[in-house]
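What follows is a set of notes on a single structure, which appears directly below.
Quick note: numbers below take in every heavy atom, side chains included, and nothing from hydrogens, waters or symmetry partners.
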Amino acid sequence: MNMNLLERIDDYTWTIPLKVGEKRSGIRLYGSEPLLKSMDDKVLEQITNVATLPGLVGEAMTMPDAHWGYGFPIGGVAAFDAEEGGIISAGGVGFDISCGIRCLRTNLMREDLTSTDLTKLADELSRAIPAGVGREGKLRLTLDELDDVLRGGAQWAIHHGYGLGEDLSFVEEMGKMQGARPENISRLAKERQLGEVGTLGSGNHYLEVQEVAKIYDEKAAEAFGIKKGQIVVSIHCGSRALGHQIGTEYLVSLAKAATRLGISLPDRELACAPIHSPEGQEYIGAMNAAINCAMANRQVLTHMTRNAFECLFKGVKIETLYDVSHNTCKEETHLVNGVERNLWVHRKGATRAFGPGHPDIPVRYRSVGQPVIIGGSMGTGSYILAGTKEGEERAFSSASHGAGRAMSRHQALKLWKGKQVIQELAQKGILIRSASMRGVAEEAPDAYKDVDLVAQATEKAGLARRVAFLRPKVCIKG
DNA sequence: ATGTAC
């Protein structure tokens, strides 16, 4: 990014000064100077576009891991007030609606796993977890059953034997998003999903077995039930074909609504409609149903993970640490200049990060803040952080979500071969199992930004504080 | 992200 276009507020907070005659809201970019320097100029252009949207409250923001996306940047946060003409945008949620990460803690320690165990575990997980583009899973649902999934979310999965009731306390919204309207979703979107509940997908989605390699905050780690050397599992996936199809279809309907209502869009990809409009309401109902689809998906995968571990480690105990999405728009209460307001917060490639005391945090974690999961690239590691009070005011309680791509898939393919990436990671003791060698090359660790810098900048910017670093041991890729 | 390519 051309740093001359930015104005430094502090070491981790930047803005773009308003030009004379320019009409838009303010902008905040969070991150260290090196991270911002490495960002595409397109991020700046896109967040400037977002800042022109009607009903925006406060500032349009980017997280330290921001990169170019469809309309909105990935790593973009924007809150709108429905009573002031605020909008909802499909591009502001992302195509993979409710993509997110479920982290599980096991009662195994690193010393419990020999290298033979790890190989067996990698093989068993790659057998048990359906992964890859268009890959179908073990469940074959009817359209009526899928509607139940879309209304019930992770609660549907629990009621159908996929998991334990106690998981639900550690999933956003207790695993069931209210306001889901399956009737707002096309038959095509549903048909595409019938065989894909309980599947991982492709791209940057993964299931990783990791060890807790470093603890930054002992008190929070204790609350989260993790300690150094412990084995955890992270599942990164979303709403699969369903979310993508909804996004595709609603972009058209929202664009029409914007035209009809005279909302001027600097970029067609920002297609949006007022929250108080038929099209806006229709999309919100569909999006909420897709959120349930994603939470059900991660719940079914949790069940499959437990079964795979149980095959090798009889009596192993696996609990849900937390499940949090990073592609949503949610109605939340936020304090703005001392006034409590009801806002619709778009977080696209940004994780919700409620601070200590927030009523929507599980009681067990409430005093330390909501767990925030930053997923790394394949083979580099991930972080668990905790939401802060400061983050409420600075970013409507939002934080980073991952390392963020440093180069395009196309560029990555020119630089690496899948086989070579797998061999290099094996030398570091990381086992990869993937349906696609091409996918592995596209996801090479160096095609991503440095997750350590992202987590550090997230903390320094006051958005969330680091609790633990997770080092990968086994990675199942789509 | 995605039956990766209307």
Side-chain angles (χ1 to χ4, degrees), chain A residues 46 65-76 89-102 130-137 140-141 146 185-207 235-252 255 268-269 271 286-287 289-291 293-295 297-298 301 324-329 346-351 375 377-378 401-414 418 434-444 447-448 476-478:
Chain A
Q46 289 190 322
D65 55 340
H67 54 115
W68 167 83
Y70 186 94
F72 275 58
I74 295 161
S89 161
V93 170
F95 272 68
D96 189 6
I97 298 168
S98 197
C99 181
I101 302 182
R102 161 90 64 123
V133 183
R135 176 73 190 274
E136 300 208 319
R140 291 297 141 88
L141 304 176
L146 184 67
I185 299 174
S186 73
R187 189 182 173 103
L188 173 62
K190 290 177 188 174
E191 280 173 346
R192 287 184 62 184
Q193 189 61 30
L194 294 177
E196 292 196 353
V197 174
T199 65
L200 200 57
S202 66
N204 67 357
H205 290 167
Y206 59 76
L207 182 150
I235 303 169
H236 178 210
C237 66
S239 51
R240 305 287 281 109
L242 182 105
H244 187 265
Q245 189 64 33
I246 291 171
T248 304
E249 293 171 12
Y250 273 95
L251 274 170
V252 179
R268 287 181 53 195
E269 295 185 357
M287 173 191 69
I291 290 175
C293 176
M295 293 193 294
N297 199 26
R298 291 192 287 271
L301 289 167
V324 65
S325 301
H326 46 236
N327 272 2
T328 56
C329 179
H346 290 71
R347 294 189 184 91
K348 180 191 191 176
T351 309
S377 63
M378 177 176 59
H401 82 304
R405 288 201 79 87
M407 67 178 75
S408 69
R409 294 183 177 279
H410 185 75
Q411 274 177 293
L413 282 176
K414 286 197 277 189
S434 176
S436 159
M437 280 306 125
R438 177 183 168 161
V440 169
E442 288 178 351
E443 293 291 314
Y448 280 82
I476 311 296
K477 288 293 287 184

May I have the distance from A:Glu136 (atom CD) to B:dT2 (atom P), rounded to whole angstrom?
13 Å
Rounded to whole angstroms, how far apart are CZ on A:Arg438 and C1' on B:dT4?
7 Å
Starting at atom CZ of A:Phe95, determine the distance to atom C1' of B:dT2, rounded to an integer number of angstrom.
9 Å
To the nearest angstrom, the CG-P distance between A:Asn297 and B:dT2 comes to 10 Å
So, OP1 or OP2 of B:dT4: does either fall under 4.0 Å of a side-chain N or O from A:Ser202?
no
Please determine whether a side-chain nitrogen or oxygen atom of A:Arg240 lies at a distance below 4.0 Å from atom OP1 or OP2 of B:dT2.
yes
Within the 4.0 Å heavy-atom criterion, would you say A:Leu188 contacts the bases, only the backbone, or no part of the nucleic acid?
base
Which distance, rounded to the nearest 0.5 Å, do you find between the CZ of A:Arg240 and the OG of A:Ser202?
6.5 Å
Round to the nearest Å and state the distance from A:Arg135 atom CZ to B:dT4 atom P.
16 Å
Using whole Å, report how far NZ of A:Lys477 lies from P of B:dT4.
18 Å
Kindly write out the residues that satisfy ring pair (Phe, Tyr, Trp, His ring centres under 6.0 Å) with A:Tyr70, not counting sequence neighbours, or none if the list is empty.
A:Phe95
Using a heavy-atom cut-off of 4.0 Å across all strands, would you classify A:Glu196 as base, sugar-phosphate, or nothing?
sugar-phosphate
Just jot down the ring pair (Phe, Tyr, Trp, His ring centres under 6.0 Å) partners of A:His67, sequence neighbours excluded, or say none.
none
Rounding to 0.5 Å, atoms NE2 (A:His244) and CG (A:Asp96) come to a distance of 9.0 Å
Atom NE2 of A:His205 and atom P of B:dT4: how far apart are they, to the nearest Å?
16 Å
Measure the distance from CD on A:Glu249 to P on B:dT2 and round it to the nearest whole Å.
16 Å
Could you check whether A:Gly203 gets within reach of a base, just the sugar-phosphate, or nothing at all, counting any heavy atom under 4.0 Å?
sugar-phosphate
